[in-house]
Amino acid sequence: MRVAVIDLGTNTFHLLIAKTTGNQPEILYKTNVPVKLGEGRINDNIIIPAAFERGINCLKDFSQIISDYQVDKVRATATSAVRSAENGKDFVDAVNERTGINIETISGDEEAELIYRGVKLSGAITDLSLIMDIGGGSVEFILCDTENLIWKKSYNIGAARLMQQFFKSDPINDGDKNAILFHIQHQLTDLFDICEKHQPKVLIGSAGAFETFAELIIRKNKLKTDINTTKTFEFNFDDYIATSIKLLNATHKERTEMPGIIPLRVDMIVIAALITNYVLGRSKINRLTLSTYDLKMGVLASLI
C-alpha cells in the first residue's frame with residue numbers, strides 16, 4: 001500500500017510518500033515548501049490572503065504528486081497556524097474544494113502524541129528524556145522513557161509567534177531577549193515542575209531547528225554525518241552551546257552567510273536557540289540529541 005502524509009506546519013508544508021511493506025515503511029518521495037502560513041498576523045489569529053493562496057497553491061502541487069505516485073491513502077494534518085486562526089476553517093474548506101485534500105486540524109495534545117510516535121521510531125529515546133519540537137506556531141514538550149509517554153503539552157510559543165511579537169533588533173539585543181524569556185518563563189511553569197519531579201537526562205530535539213544546529217556543527221567540524229539520511233545525531237554539548245551563542249550574537253546578514261541555515265530559518269533560529277538554552281538551563285540537562293523523525297513519521301506510523 002502507498003500512503004501520503006501531509007504536515008501543514010506554520011512555516012513549512014511537508015509531503016511524505018511511502019510504501020508499506022510489513023512494519024517498515026519505504027520512503028518513495030519527500031519534499032517541503034516554505035509556505036509561511038503564519039506570516040504577518042499569526043498573533044492576531046489570522047491567515048493573511050497572500051499566505052492563504054500560497055498554502056492552496058502548494059497543496060495543488062502536492063495533490064498532483066500524490067496522484068502521480070498512485071497513493072492509496074492520504075492523511076493531512078494541520079497544526080498551530082490553522083488551529084488558532086479565525087479563518088482556519090475557511091482555509092480547510094477552500095483546500096478541500098480546490099485540491100480534493102481533506103485536512104484534519106489536530107489539537108496540541110494530538111500533535112505532541114504524534115511527535116512522540118515519530119521520535120520513538122527513530123530510536124533516539126534511550127533514557128528518561130524530554131522531547132522538544134519547536135514549530136512556528138507552537139512548541140511541544142513530551143516527557144518519556146524508553147517504554148512510556150509520561151507527560152505531554154503544547155504551548156503557543158512557536159518561533160514565528162515570538163519573532164513577530166518580540167524580535168525587533170539586529171543582532172537581537174538584551175531587551176528583546178529578556179522580553180522573550182520573561183514571556184516563556186510564565187508559559188512554561190508546569191513544564192519545569194514536571195522536570196523537577198522526574199529529572200530527565202536528555203533533551204531530544206525533534207527535527208526542524210535542531211537539524212539546523214546539527215548541520216552547522218557537522219559543517220564546522222567536517223563530520224561525515226548526512227542529516228538527510230541519518231535518524232539521530234548526538235550533539236557534543238559544548239559544540240551546541242558555542243553554536244547557539246554564535247547565532248545569538250550574529251546579525252541577520254551574518255546568519256544568511258552561514259552555510260547550513262536555510263533562508264526560512266535565518267531569523268527563527270535565534271528564537272530556537274534562545275528557547276532551547278533556557279529549557280536546558282532550567283531543567284539542568286546537559287545532553288542533547290537530534291531526532292530527524294518528527295510528526296510526519298508519527299503520522300506515517302499511525303497509517304501503517
Side-chain angles (χ1 to χ4, degrees), residues 112 115-116 118-135 138-146 149-153 155 157-159 162 177 180-181 184-185 188 191-192 194-196 198-250 255 258 260-262 265 268-295 297-298:
I115 291 162
Y116 166 71
V119 172
K120 193 175 183 189
L121 214 56
S122 77
I125 308 167
T126 58
D127 204 335
L128 185 61
S129 302
L130 181 66
I131 299 169
M132 179 179 183
D133 186 295
I134 304 173
S138 61
V139 179
E140 282 68 45
F141 289 96
I142 301 107
L143 183 77
C144 59
D145 58 22
T146 51
L149 190 164
I150 298 163
W151 176 91
K152 64 183 189 301
K153 191 165 176 182
Y155 298 86
I157 54 166
L162 297 182
K177 276 188 216 168
I180 291 166
L181 293 174
I184 64 174
Q185 175 187 334
L188 300 177
L191 169 71
F192 297 121
I194 285 286
C195 287
E196 185 68 35
H198 291 273
Q199 303 194 344
K201 305 290 182 277
V202 187
L203 183 72
I204 300 174
S206 160
F210 294 95
E211 289 179 338
T212 299
F213 296 142
E215 193 64 60
L216 289 166
I217 289 166
I218 287 162
R219 291 184 187 222
K220 175 176 168 266
N221 295 338
K222 298 185 171 63
L223 304 176
K224 290 204 160 49
T225 311
D226 180 357
I227 285 298
N228 297 310
T229 55
T230 191
K231 293 181 187 177
T232 65
F233 173 81
E234 196 152 332
F235 289 87
N236 171 299
F237 195 72
D238 292 340
D239 269 351
Y240 164 73
I241 294 297
T243 302
S244 69
I245 289 167
K246 185 180 176 185
L247 289 166
L248 288 166
N249 290 331
R255 290 191 303 275
M258 290 180 189
I261 304 185
I262 59 170
R265 257 186 226 128
M268 296 210 197
I269 199 69
V270 174
I271 305 284
L274 206 56
I275 301 177
T276 304
N277 291 359
Y278 183 70
V279 169
L280 286 166
R282 280 291 305 268
S283 55
K284 302 184 183 72
I285 295 173
N286 60 6
R287 285 171 58 198
L288 182 61
T289 298
L290 159 71
S291 162
T292 60
Y293 284 17
D294 57 359
L295 181 128
M297 293 303 286

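All values below were derived from every heavy atom in this structure, side-chain atoms included, with hydrogens, water molecules and symmetry-related copies excluded. None of the values given here were measured: they were computed from a predicted structure.
For S129, the side chain to side chain donor-acceptor pair (under 3.5 Å) test picks out no residue, with sequence neighbours left out. Remark: I150 engages L128, L143, D145, H198 in a side-chain contact (heavy atoms from CB on, under 4.5 Å) (not counting sequence neighbours). Shown here are the side chain to side chain donor-acceptor pair (under 3.5 Å) partners of N277, two or more places apart in sequence or in another chain: Y240, S244. When the side-chain contact (heavy atoms from CB on, under 4.5 Å) test is applied to K152, the partners found at least two apart in sequence or on another chain are D109, A112, E113, I142, L149. Residues satisfying the side chain to side chain donor-acceptor pair (under 3.5 Å) criterion with E140, sequence neighbours excluded, are S138, S154. Under the side chain to side chain donor-acceptor pair (under 3.5 Å) criterion, S122 pairs with S291, sequence neighbours left out. When the salt bridge (charged side-chain N to carboxylate O under 4.0 Å, His left out) test is applied to R282, no partner is found at least two apart in sequence or on another chain. Residues meeting the side-chain contact (heavy atoms from CB on, under 4.5 Å) test with T243, sequence neighbours left out: L216, I217, L247. Residues forming a salt bridge (charged side-chain N to carboxylate O under 4.0 Å, His left out) with R255 (at least two apart in sequence, or on another chain): D267. Residues satisfying the side-chain contact (heavy atoms from CB on, under 4.5 Å) test with D127, not counting sequence neighbours, are K201, V202, R287.
Among residue pairs with one or both ends in residues 270-295, those qualifying as ring pair (Phe, Tyr, Trp, His ring centres under 6.0 Å) are F192-Y278; sequence neighbours excluded. Residue pairs meeting the salt bridge (charged side-chain N to carboxylate O under 4.0 Å, His left out) criterion with at least one partner in residues 223-238, sequence neighbours excluded, are absent.
Proximity of I131 to I125: side-chain heavy atoms (C-beta onward) are separated by under 4.5 Å at one or more points. Between L248 and V270 the shortest side-chain heavy-atom distance falls below 4.5 Å. By the 4.5 Å heavy-atom criterion applied to side chains, F233 and T292 are not counted as neighbours. By the 4.5 Å heavy-atom criterion applied to side chains, I184 and V139 are not counted as neighbours. Counting heavy atoms from C-beta outward, L203 and S283 have side chains that stay 4.5 Å or more apart. Under the 4.5 Å side-chain criterion, counting only non-hydrogen atoms from C-beta, I194 is not in contact with F141. For the pair Y155/L188, a side-chain contact is recorded, criterion being any heavy-atom separation below 4.5 Å from C-beta on. When side chains are defined from C-beta on, L191 does not count as touching K153, because their heavy atoms never get closer than 4.5 Å.
Summarising the geometry of L130 relative to C195, their closest heavy-atom pair is CD2-SG, 3.9 Å, with the distance given to 0.1 Å. Taking both residues in full, the closest heavy atoms of S206 and V119 are given as CB-CG2, 4.1 Å, listed atom of the first, atom of the second, then distance.
Rounding to the nearest 0.5 Å gives a distance of 6.0 Å between CG of L162 and CD1 of I180. In this structure, I241 CD1 and F213 CZ are separated by 10.0 Å, a value rounded to the nearest 0.5 Å. To the nearest 0.5 Å, atom CZ of residue F210 and atom CG of residue L290 are 8.5 Å apart. Atoms OG1 and CD1, on T126 and I204 in that order, are 7.0 Å from each other to the nearest 0.5 Å. For the atom pair CD1 (I262) and OG1 (T212), the distance works out to 5.5 Å, reported to the nearest 0.5 Å. Considering CD of E215 and CE of M258, their distance stands at 14.0 Å, rounded to 0.5 Å.
The number of heavy atoms from other shown groups lying within 6.0 Å of CD (Q185) is above 12. Atom NZ of K246 has 12 or fewer heavy atoms from other residues, nucleotides or ligands within 6.0 Å.
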